[in-house]
J.: 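This is the structure I want to talk about, given as structure tokens.
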Amino acid sequence: MAQNMPLSVRVPTEGKWAGEPMSPMGRMMEEMNAYMVLVMGLGEPISLPAFVAGIVTELLPRFPRFRSIQAMDASKYGMPRWVETKVNVDDHIIIPRLDPAILASDPEKAIEDYVASLSTLPMDRCRPLWDFHFLNLPTSEAASTVVLRLHHSIGDGTSLMTLLMASSRSTTDPSRLPAMPPPPRRKGAIYERSRPSLSDGGLAFLAWIWSYLVLVWHTLVDFKLLVSTLLFLKDPYTLLKRANGGGESYRKRLVHRSISFDDIKFIKTTMNCTVNDVLVGVTSAALSRYYFRKSGDTNTKRSISLRSIMPVNTRPVSNRQVRTSFYESNEHCKKPFVTLS
């Protein structure tokens with residue numbers, strides 16, 4: 001039976017076998033037992049030998065946590081650490097057998113049901129917490145599908161996207177890394193707030209000071225709401241947040257909808273915002289439509305609170321480019337202990 005906590009094996013805090021301490025964010029994800037499920041549609045059928053070779057030569061050498069397990073150190077408080085181990089790649093390759101009748105009638109539904117089931121299956125903590133699932137069947141959007149499931153303590157979205165960039169090559173020059181996108185050029189008063197000169201007069205200077213005071217005030221209000229939410233503010237029980245107990249058992253499932261990235265960029269440019277802003281708006285509208293459709297509530301002016309957490313990456317693009325080059329460099333790569341059955 002898979003465990004829900006790091007292994008109780010005690011490892012030293014110093015020396016060859018000490019491993020890497022788990023970061024505070026990693027420990028938080030460990031407490032939440034959060035997983036990431038990445039669905040990738042391919043334009044051609046899966047070549048399993050090529051994919052396995054890429055895992056062995058690209059993924060495992062570049063990212064130590066893909067070849068590490070979680071264990072407790074021998075300190076007084078028993079802090080979790082990443083300890084490298086021998087990786088049997090075949091243990092992390094899964095080719096499921098799906099119902100042929102469902103595949104013939106609705107392959108998209110079959111893949112969606114399978115991906116949804118992954119959130120309910122535990123992972124074996126005696127080996128690194130990731131696995132690839134290969135669905136070599138065509139759908140309306142792809143010739144085949146690859147699903148990567150991994151524990152969120154391994155990394156966040158930015159670090160994993162950086163790793164993906166480091167494992168990729170430019171289409172124009174296969175020997176070169178793909179370049180990171182340039183920093184966005186944002187427009188608007190908030191991005192053009194510069195200190196007025198003496199010739200602008202005292203009123204302009206006071207307006208400049210006032211804009212920062214308003215920014216500080218909104219920041220304090222947001223911080224107060226955040227603390228209040230953590231302590232006592234709760235969202236009302238709805239279809240999106242059900243009360244515990246009551247004899248009703250329910251399970252959340254993962255669903256997805258493919259949207260055009262060109263459409264997202266068009267809205268972003270038109271409304272002078274970011275891609276994240278557009279995606280938050282789309283998600284909010286989707287949740288609203290889902291609620292009113294499922295509940296039958298016709299009062300569209302009803303105010304329903306649904307709080308969520310959205311970590312924001314503040315690392316500049318230049319740092320991610322450096323990190324991409326670091327992952328790609330030979331100095332960072334380490335030959336892992338890998339076996340194939």
J.: Which pairs count as salt bridge (Lys or Arg N to Asp or Glu O under 4.0 Å) when at least one residue sits in residues 263-284, sequence neighbours excluded?
T.: Asp262-Lys265
J.: Mind jotting down which residue pairs meet the ring-ring contact (aromatic ring centres under 6.0 Å, His included) criterion with at least one end in residues 107-135? Sequence neighbours excluded, please.
T.: Phe51-Phe132, Phe51-Phe134, Phe66-Trp130, His92-Trp130, Tyr114-His133, Trp130-Phe132
J.: Testing the basics here: between Leu135 and Val147, what is the closest heavy-atom pair and its distance to 0.1 Å?
T.: CD1-CG2, 4.3 Å
J.: State which residues pass side-chain contact (heavy atoms from CB on, under 4.5 Å) with Trp217; sequence neighbours excluded, sorted by chain then number.
T.: Val221
J.: Holding to side chain to side chain donor-acceptor pair (under 3.5 Å), I want the full list of residues that pass it with Thr145, two or more places apart in sequence or in another chain.
T.: none
J.: Please report the interatomic distance CG(Leu279) to CD1(Ile267), rounded to the nearest 0.5 Å.
T.: 9.5 Å
J.: Only counting residues at least two apart or in another chain, list the ones meeting side-chain contact (heavy atoms from CB on, under 4.5 Å) with Phe205.
T.: Arg195, Pro196, Trp208, Ile209
J.: I'd like to check the side chain to side chain donor-acceptor pair (under 3.5 Å) partners of Ser105; sequence neighbours left out, ordered by chain and number.
T.: none
J.: Quick check against the 3.5 Å criterion: does Arg27 have a side-chain atom that pairs as donor or acceptor with the backbone of Met22?
T.: yes
J.: Quick check for you: to the nearest 0.5 Å, what is the distance between Arg67 atom CZ and Leu59 atom CG?
T.: 10.0 Å
J.: Identify, with sequence neighbours excluded, every residue that meets side-chain contact (heavy atoms from CB on, under 4.5 Å) alongside Ser140.
T.: Glu108
J.: Who pairs with Thr229 by side chain to side chain donor-acceptor pair (under 3.5 Å), at least two apart in sequence or on another chain?
T.: Arg307
J.: Just checking Met271: does its CE atom have more than 12 heavy atoms from other residues, nucleotides or ligands closer to it than 6.0 angstrom?
T.: no
J.: Could you grab the distance from atom OG1 of Thr139 to atom CD of Glu112, nearest 0.5 Å is fine?
T.: 12.0 Å
J.: Under 4.5 Å between any side-chain heavy atoms of Val56 and Val87, yes or no?
T.: no
J.: Is there a donor-acceptor contact under 3.5 Å linking the side chains of Ser153 and Gln70?
T.: yes
J.: Who are the side chain to side chain donor-acceptor pair (under 3.5 Å) partners of Glu141, not counting sequence neighbours?
T.: Ser258
J.: Under 4.5 Å between side-chain heavy atoms, chaining through other members, with only Ile, Leu, Val, Met, Phe, Trp and Tyr counted: pull out the rest of the cluster around Ile102, sorted by chain and number.
T.: none
J.: With sequence neighbours left out, write down each residue that passes side-chain contact (heavy atoms from CB on, under 4.5 Å) with Val216, or none if nothing qualifies.
T.: Leu220
